[in-house]
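Okay, so here's the structure we're looking at.
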Number of protein chains: 2
Amino acid sequence: MKKNTKEEIVDSAVLLFNTYGTSSVSTNHIAEESGVSIGNLYYYFKNKEEIIREILECMISDWDHIWVAPSNGDILDGLQTIIRQSFHLEWKYRFFYRELIALMRIDEQLQQRHQEIEKQRIEEQKKLIENLINSGVIRNLRSPSDIDSLLTISWLISNYWLSFLESDGQEITDEQVERGVQLILTVFKPYLAI
Amino acid sequence: MKKNTKEEIVDSAVLLFNTYGTSSVSTNHIAEESGVSIGNLYYYFKNKEEIIREILECMISDWDHIWVAPSNGDILDGLQTIIRQSFHLEWKYRFFYRELIALMRIDEQLQQRHQEIEKQRIEEQKKLIENLINSGVIRNLRSPSDIDSLLTISWLISNYWLSFLESDGQEITDEQVERGVQLILTVFKPYLAI
DNA sequence: GACAAATTAGAGTAATTACTCTATAAATGA
DNA sequence: TCATTTATAGAGTAATTACTCTAATTTGTC
């Protein structure tokens with residue numbers, strides 16, 4: 001489990017960002033935390049923004065692993081698993097979700113990359129829902145725009161459930177994560193075949 | 001419409017925070033933008049955090065006006081109006097919503113105040129829903145926990161709809177606001193008496 | 001008008017910031 | 001082996017930061 005210098009820097013940055021927020025953490029802090037000299041840090045990263053961009057790439061890679069996982073067995077079960085793992089990733093990189101819009105406003109490159117993969121992800125989710133409709137798990141939807149609405153709502157929940165808990169001052173526990181999963185199912189409940 | 005110095009500072013702060021984000025805006029910037037000397041700014045505010053706290057108080061006051069408004073006429077219409085106005089307030093103070101969790105982590109005083117009024121607001125919303133149930137607008141809910149779920153979901157949408165649009169790179173227009181209102185109604189649709 | 005209190009201006013400061021530069025040390029490979 | 005690339009350390013710098021201090025001005029009150 002030997003980490004190289006670059007990984008060491010990224011890991012320390014995530015730790016500090018999660019704890020103190022990006023604006024309170026300087027490159028000097030990151031260097032100190034990771035036990036790497038300032039000079040060496042700047043050998044690997046041009047600036048703080050580039051570190052954050054690298055963290056985004058780590059997130060993307062983590063996400064890919066979740067979606068690649070084959071959902072053998074119950075299709076609804078597979079969906080729940082994906083949602084659950086998504087919540088865990090959001091927690092791992094929580095600083096990013098807390099400050100998302102602010103970060104993207106500062107760094108346009110970050111914005112473009114994030115929006116690019118976000119678009120992909122929505123498409124994937126759309127396909128998954130269509131799958132559920134085709135296999136008869138979901139029915140009784142009145143119009144195609146209803147699908148869009150449902151999709152948007154479940155997206156909102158999966159992306160902001162942890163933020164809501166945090167801003168409400170609640171602890172993030174496994175039970176809370178489970179509540180989030182169930183919340184998404186609540187939205188679909190009226191349209192689920194028993 | 002003559003503004004006093006304190007208001008001038010607060011207004012400039014909101015403008016700059018919305019445009020550049022709190023971390024990029026210094027007290028010096030705010031002083032310059034508002035045409036007030038640094039010394040004078042510090043006469044009114046101990047530091048940047050205190051300015052943000054004052055902005056929160058402005059928000060709270062604005063919110064109170066929305067909820068005080070008597071919902072004469074259709075109760076469902078009144079609800080929609082409140083949601084619509086909420087979105088407009090969220091946009092007015094958008095920096096606050098963008099950076100909420102980060103801001104609260106830095107300033108515990110801000111966190112406590114925000115969570116205090118947030119709790120109140122959830123209670124108000126709960127009463128409103130109960131009102132809708134009692135007056136027969138909403139029905140067919142299976143259990144009391146269903147009410148809670150519905151409430152949480154509509155809360156999530158009303159709080160994060162604009163954030164979602166922003167992080168998705170979409171413009172905030174009146175039509176988008178209306179979509180947000182309709183989205184919340186979608187959640188209740190299966191339970192609405194026609 | 002005279003006095004006190006409230007308000008304003010802006011020069012000044014210590015700390016921190018991001019980032020550069022140069023000088024070594026370690027790894028590589030011909 | 002030894003020369004070249006890669007990696008590391010850390011002192012140094014210019015800019016910016018939040019905030020203080022003092023001195024001047026305005027305001028209100030009698």
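Residue numbering restarts at 1 for every chain, and letters A, B, ... go by the order of the sequence lines. These figures come from a predicted structure and were not determined experimentally.
Going from atom CD of A:Glu8 over to atom P of D:dA7 covers 15 Å, rounded to whole Å. One atom, CG of A:Asn40, and another, P of C:dA23, lie 18 Å apart when rounded to the nearest Å. As a whole-Å value, the separation of B:Ile106 CD1 from D:dT17 P is 16 Å. Atom pair B:Phe45:CZ and D:dT17:C1' shows a separation of 19 Å (rounding to whole Å applied). Between B:Ile30 atom CD1 and D:dT17 atom P there is a gap of 11 Å when expressed in whole angstrom units.
Within 6.0 Å of the CD atom in B:Glu32, the count of heavy atoms belonging to other residues, nucleotides or ligands does not exceed 12.
A:Tyr43 has a side-chain polar atom (N or O) that falls below the 4.0 Å cut-off from OP1 or OP2 of D:dA7.
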5' to 3', nucleotides 18-27 of chain D under a 4.0 Å protein heavy-atom cut-off (B base, S sugar-phosphate only, - none) gives BBB-------
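Aromatic ring pairs are classed by plane angle as parallel below 30°, tilted from 30° to 60° and perpendicular above 60°; the pair B:Phe17 and B:Phe95 is tilted.
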For this session: Assess whether salt bridge (Lys or Arg N to Asp or Glu O under 4.0 Å) is satisfied between B:Lys126 and B:Glu123, documenting all intermediate values.
Result: CA-CA 5 Å; B:Lys126 203 164 194 168; B:Glu123 276 312 308; 5.0 Å; no
For this session: Test salt bridge (Lys or Arg N to Asp or Glu O under 4.0 Å) on A:Lys189 and B:Asp146 and set out the steps.
Result: CA-CA 11 Å; A:Lys189 204 185 267 177; B:Asp146 271 1; 3.6 Å; yes
- Task: Report the C-alpha separation of B:Phe45 and B:Lys6 in whole Å, then their side-chain angles, then the decisive distance to 0.1 Å, and conclude whether the side chain to side chain contact (heavy atoms under 4.5 Å, CB included) test is met.
- Result: CA-CA 9 Å; B:Phe45 298 99; B:Lys6 205 170 176 182; 3.7 Å; yes
Item to complete: Apply side chain to side chain contact (heavy atoms under 4.5 Å, CB included) to B:Ser154 and B:Gln125, showing your working.
Response: CA-CA 10 Å; B:Ser154 66; B:Gln125 206 155 317; 3.7 Å; yes
